[in-house]
Amino acid sequence: MATTTTDTRRDIERTWNPAEIEPKWRERWQEAAIYQVDDNAPEPKWYSLTMYPYPSGTLHVGHWYAFVGPDIYARAKRMQGYKVLFPMGFDAFGLPAENAAIRHNIHPATWTYENIEQMIAQFDLMGPMIDWSRKLITSDPEYYRWNQWIFLQMLERGLAYRAAGSVWWCPNDQTVLANEQVVEGNICERCGAEVYKRDLEQWYFRITEYAEELLAELDNLDWPEPVKVMQRNWIGRSEGARLSFRLETGNELEVFTTRPDTVFGATFMVLAPEHPLVDKITTDEHREAVGAYRGEARRKSEIERQSTDEAKEKTGVFTGASAVNPVTDERIPVWIADYVLMSYGTGAIMAVPAHDERDFAFARAFDLPIRVVIQPEGEDALDPRTMEAPYTGAGVMVNSGQFDGTPTPEQLPKVIAWLNEQGRGQAEVTWRLRDWLISRQRYWGTPFPIVYCDDCGMVPVPEDQLPVELPLDAEFTPTGQSPLVNHERFLNTTCPSCAGTARRETDTMDTFVDSSWYWFRYTNPNFDDAPIDEERTKLWTPVDIYTGGIEHAILHLLYARFFAKVLRDLELVDHGEPFKTLRNQGIILAAEGTKMSKSRGTQVGPDELVAAHGADALRLHLMFLGPWEQGGPWNERGITGMERFIRRAFQVVTETAGNRMDVKADAADLRRLTHKTIARVTRDLGQFQFNTAIAALIEMTNELMKLKETEVAETTAWRDAITALTLLMAPLTPYTAEEMWEMLGNEFSVHQQDWPVYDESLAAVETVEIPVQVNGKVRERVAVAVDASEEDVTAVARETGKIPDYLQGKTLKRTIYVPGRLINFLVG
RNA sequence: GCCGGAGUGGCGGAACGGCAGACGCAGCGGACUCAAAAUCCGCCGGGGCAACCCGUGGGAGUUCGAAUCUCCCCUCCGGCACCA
């Protein structure tokens with residue numbers, strides 16, 4: 001043992017001081033470029049991707065939470081023998097930059113690029129193993145030119161098109177939105193304003209072309225179930241039939257129904273107010289009322305058509321027209337009502353009030369006939385006059401001609417087959433998914449590579465003239481038109497085809513286009529010949545694990561899957577599913593349990609916390625808060641505990657780093673602890689269970705603290721233990737572990753070392769303490785060999801402590817012995 | 001309404017159907033100190049002097065044994081919502 005004086009000096013030298021070691025190693029890592037991954041390294045590849053941030057200016061602790069987890073995982077993976085691609089970039093186009101720019105009277109580009117600089121510095125504080133040599137910024141012309149290029153390929157294949165239609169408009173952001181960006185029926189996902197529908201001509205991507213594949217392949221993805229469910233619902237596949245009804249005016253009216261078995265009960269029809277047939281079929285007598293209702297519906301849609309509470313209140317008017325039910329030959333009235341949506345199915349329905357909630361409410365409101373055609377088995381016959389609710393369950397068909405008595409929906413295919421024979425309908429699948437509206441009437445985005453020529457019409461800009469650069473000197477205050485409309489030099493151009501005068505398309509692309517393929521670009525972000533370097537992409541993709549917030553469950557993740565399939569069909573990549581495995585981190589809320597918000601001042605920044613406790617302590621604190629996939633409210637209190645742990649681990653390693661190793665002492669327990677900890681940490685990190693991995697390391701450290709003054713601290717087992725501890729801590733506390741590694745006298749860098757190997761034989765225990773139960777209640781504990789026989793354990797357990805008292809005077813009916821776990825005596 | 005997910009000490013949380021509460025925070029007691037901080041040691045679900053009893057949102061069930069599996073109910077969070 002050292003003397004008191006040297007002890008004191010050593011303590012001063014070896015006190016953990018993050019303010020000193022963190023900047024030191026940060027610089028060293030940068031110099032040595034240890035985080036740059038070599039494409040040609042011999043190890044197997046691992047692509048760990050985490051969703052890139054929006055360059056809002058600052059990273060708060062919620063961002064750290066999202067990035068630290070994957071960083072730990074990627075670091076562990078690297079030590080476990082993979083070459084790991086862990087890149088980062090910035091989702092730099094979009095409305096927030098523009099809005100902030102307007103507010104602060106600064107150019108969006110200036111705002112964005114300054115923010116990116118700041119954020120990179122903050123990232124570096126965290127000590128991540130990001131390979132910045134692959135950084136990409138989507139607002140760089142070198143990046144967005146490839147958005148334009150991909151767009152042109154899609155245009156050529158009919159996957160991009162321009163069409164007029166009813167689209168969502170955000171009056172606050174002054175732009176159209178994709179369906180996916182409208183939440184809660186009519187709220188702008190970005191700004192929370194109420195949106196409404198306008199008829200505009202816009203650009204679309206034909207994502208519906210891939211609906212079937214997008215749905216089917218979900219089954220094969222290792223994704224969180226909620227995300228898969230959300231995508232399934234969003235794509236919304238419905239099986240049914242398309243039926244044709246003849247109108248008395250001679251027109252055919254097509255409807256889609258999931259219940260063709262109820263067609264005998266169709267007692268009226270309803271068209272969406274916007275249905276093109278409405279004008280043709282409305283009789284003069286009803287023209288005025290129909291016109292008024294259509295106007296009303298239109299106005300309502302502009303305010304709050306799909307509002308939830310009033311939704312059940314059914315409104316509508318009769319058109320005066322009649323249709324013929326194709327199976328009963330009855331004349332049935334044709335109405336219009338806004339509960340039928342033009343955007344789904346055919347925009348028209350056959351109404352079966354006895355067996356559909358909405359049709360039932362409508363029939364009751366307007367006193368329309370109700371006919372029961374499905375009868376639940378074993379119940380009283382349904383009576384249309386007294387029914388209080390429609391019957392939507394299974395049953396047998398009644399009042400249905402030759403189908404009477406047919407069980408349904410089991411026999412639904414039979415009904416469809418018959419309708420088909422009659423030439424009245426056929427099976428059909430309808431999707432809820434709509435094409436992706438990609439134009440935006442805003443400035444800070446990718447310009448469309450399209451010009452409109454007076455003579456040639458719409459002309460794509462040839463590939464060799466890309467990028468169509470976004471002019472930086474535009475007046476970008478939103479007006480409801482793209483700001484580029486007023487930029488003469490951008491707007492006026494010549495036709496690539498005839499060289500005559502032409503105007504450029506002035507809308508810009510939805511920012512989600514940028515993020516729909518960015519992970520491919522990381523594999524070679526400077527590649528100049530194509531968006532994707534095929535060779536490098538083949539090497540790295542598909543992404544092995546993708547992490548990010550669940551808020552992207554539909555938007556980004558659906559678009560990204562769509563793009564991967566398009567790029568596959570363009571033969572640029574060899575797979576259609578980009579992300580094999582997905583994990584969602586939980587959200588770190590403000591202390592009050594509400595969402596962290598910059599404007600409300602509830603954001604907690606990492607900088608002061610790093611200054612006070614060190615980045616490693618903050619990393620651990622965030623990861624120790626709870627399961628990573630759960631999140632929770634921010635709470636600063638526990639960070640001292642992580643600081644204590646790091647200090648103790650640091651102390652135990654550095655104080656004993658110079659110990660002799662030749663003492664012969666029984667170190668089996670120590671080895672067991674080491675290997676048990678290796679097993680636990682390895683398993684937990686691999687499952688994103690950082691909290692329990694940290695707990696295992698704390699337990700090991702606490703045990704080492706107890707042992708460090710004993711003779712086991714002077715064995716090779718001790719040396720192995722503190723070496724393993726350092727390596728296991730490396731992904732979690734990269735700075736401290738690096739310092740400890742150096743103190744142990746090893747070569748730089750700990751992050752380039754191999755992961756400690758778990759040896760099961762060393763972790764195995766020979767004896768265990770198992771509970772002795774009587775009738776399922778624990779009464780004693782007894783130490784036995786792990787593999788002891790039931791006879792031996794029974795013999796010992798029966799005599800232990802109070803057990804004889806419990807067995808006294810009772811009959812032993814049964815003994816349950818689970819080796820290594822417990823023994824249970826059942827007595828009576 | 002429909003579809004997901006979750007309810008465990010004062011707090012965050014842990015627990016292959018097998019000792020509920022690992023680990024940490026906070027708290028309490030002690031050591032060190034002139035003192036405080038830091039650090040170290042001990043205690044820490046509730047009731048009871050104790051033996052022991054109760055305890056994982058509530059109720060039933062399966063099982064030798066349930067926080068864990070099944071059913072019903074309650075509460076909270078998230079998604080969708082007139083989608084025919």
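The structure presented is a predicted model; accordingly, all values stated were derived computationally and were not measured. Lettering follows sequence order; numbering is per chain, from 1.
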N/O (side chain, [X]) to phosphate O (OP1/OP2, [N]) under 4.0 Å:
{"X": "A:Arg432", "N": "B:rA81", "value": "yes"}
{"X": "A:Lys802", "N": "B:rC52", "value": "yes"}
{"X": "A:Thr430", "N": "B:rA84", "value": "no"}
{"X": "A:Gln630", "N": "B:rG13", "value": "yes"}
{"X": "A:Tyr344", "N": "B:rA81", "value": "no"}

### Canonical and wobble pairing (Watson-Crick, G-U, under 3.5 Å) of RNA chain B, dot-bracket with |
(((((((..(((.....[....))).(((((.......))))).(((....)))..(((((..]....))))))))))))....
Among [options], the nucleotide that comes nearest once only the side chain of [X] is considered:
{"X": "A:Val818", "options": "B:rC40, B:rG18, B:rA84", "answer": "B:rG18"}
{"X": "A:Leu822", "options": "B:rG18, B:rC82, B:rA81", "answer": "B:rG18"}
{"X": "A:Arg821", "options": "B:rC82, B:rG18, B:rC52", "answer": "B:rG18"}
{"X": "A:Arg647", "options": "B:rC82, B:rU39, B:rC40", "answer": "B:rU39"}

I'd like the [atom1] distance from [M] over to [N], given in whole Å.
{"N": "B:rC69", "M": "B:rG7", "atom1": "P", "answer": "10 Å"}
{"N": "B:rA60", "M": "B:rC74", "atom1": "C1'", "answer": "15 Å"}
{"N": "B:rC11", "M": "B:rG47", "atom1": "P", "answer": "15 Å"}
{"N": "B:rG24", "M": "B:rU39", "atom1": "P", "answer": "13 Å"}
{"N": "B:rC44", "M": "B:rU70", "atom1": "P", "answer": "35 Å"}
{"N": "B:rG65", "M": "B:rG18", "atom1": "C1'", "answer": "7 Å"}
{"N": "B:rA22", "M": "B:rA14", "atom1": "C1'", "answer": "5 Å"}
{"N": "B:rC52", "M": "B:rG4", "atom1": "P", "answer": "46 Å"}

### Message
Considering only residues two or more places apart or on different chains, which pairs with a residue in residues 260-269 of chain A satisfy salt bridge (Lys or Arg N to Asp or Glu O under 4.0 Å)?
### Response
A:Arg259-A:Asp261
### Query
Can you check whether A:Phe268 and A:Phe366 have ring centres sitting under 6.0 Å from each other?
no
[X] [atom1] to [N] [atom2]: how many Å, rounded?
{"X": "A:Leu433", "N": "B:rA81", "atom1": "CG", "atom2": "P", "answer": "13 Å"}
{"X": "A:His613", "N": "B:rA38", "atom1": "NE2", "atom2": "C1'", "answer": "15 Å"}
{"X": "A:Ile588", "N": "B:rG13", "atom1": "CD1", "atom2": "C1'", "answer": "13 Å"}
{"X": "A:Phe268", "N": "B:rA84", "atom1": "CZ", "atom2": "P", "answer": "17 Å"}
{"X": "A:Ile550", "N": "B:rC80", "atom1": "CD1", "atom2": "P", "answer": "11 Å"}
{"X": "A:Glu655", "N": "B:rC40", "atom1": "CD", "atom2": "C1'", "answer": "13 Å"}
{"X": "A:Ile816", "N": "B:rG65", "atom1": "CD1", "atom2": "P", "answer": "8 Å"}
{"X": "A:His621", "N": "B:rG13", "atom1": "NE2", "atom2": "P", "answer": "12 Å"}

### Query
Where do A:Tyr344 and A:Phe256 land on the side-chain contact (heavy atoms from CB on, under 4.5 Å) test, with the steps shown first?
CA-CA 9 Å; A:Tyr344 187 77; A:Phe256 171 74; 4.2 Å; yes
Under the side-chain contact (heavy atoms from CB on, under 4.5 Å) test, which residues partner [X], sequence neighbours left out?
{"X": "A:Tyr806", "value": "A:Val774, A:Arg779, A:Lys802"}
{"X": "A:Arg364", "value": "A:Phe360, A:Ile370, A:Met387"}
{"X": "A:Asn584", "value": "A:Pro224, A:Val227, A:Ile550, A:Leu582"}

### Query
Just checking, is any N or O donor in the side chain of A:Arg814 or A:Asn824 under 3.5 Å from an acceptor N or O on the other one?
no
### Task
Sequence neighbours left out, what pairs pass side chain to side chain donor-acceptor pair (under 3.5 Å) with at least one residue falling in residues 547-557 of chain A?
A:Thr50-A:Thr547, A:Tyr546-A:His556
### Task
Any side chain to side chain donor-acceptor pair (under 3.5 Å) involving residues 676-695 of chain A? Give me the pairs, sequence neighbours left out, ordered by first then second residue.
A:Arg680-A:Glu699, A:Thr682-A:Trp755, A:Asp684-A:Thr692
#### Entry: Where protein sits on nucleotides 22-28 of chain B, one letter per nucleotide: B base, S sugar-phosphate only, - none, heavy atoms under 4.0 Å
BBSSS--
### Query
Would you call A:Asp805-A:Lys810 a salt bridge at under 4.0 Å N-O?
no
### Task
Could you pull out all residues at least two apart from A:Trp436 that satisfy ring pair (Phe, Tyr, Trp, His ring centres under 6.0 Å)?
A:Phe205, A:Tyr559
### Task
Confirm from the modelled atom types if A:Lys314 and B:rC82 form a donor-acceptor pair under 3.5 Å, side chain to base only.
yes
### Earlier contact from the 5' end, RNA chain B, for A:Asn635 and A:Pro226
A:Pro226
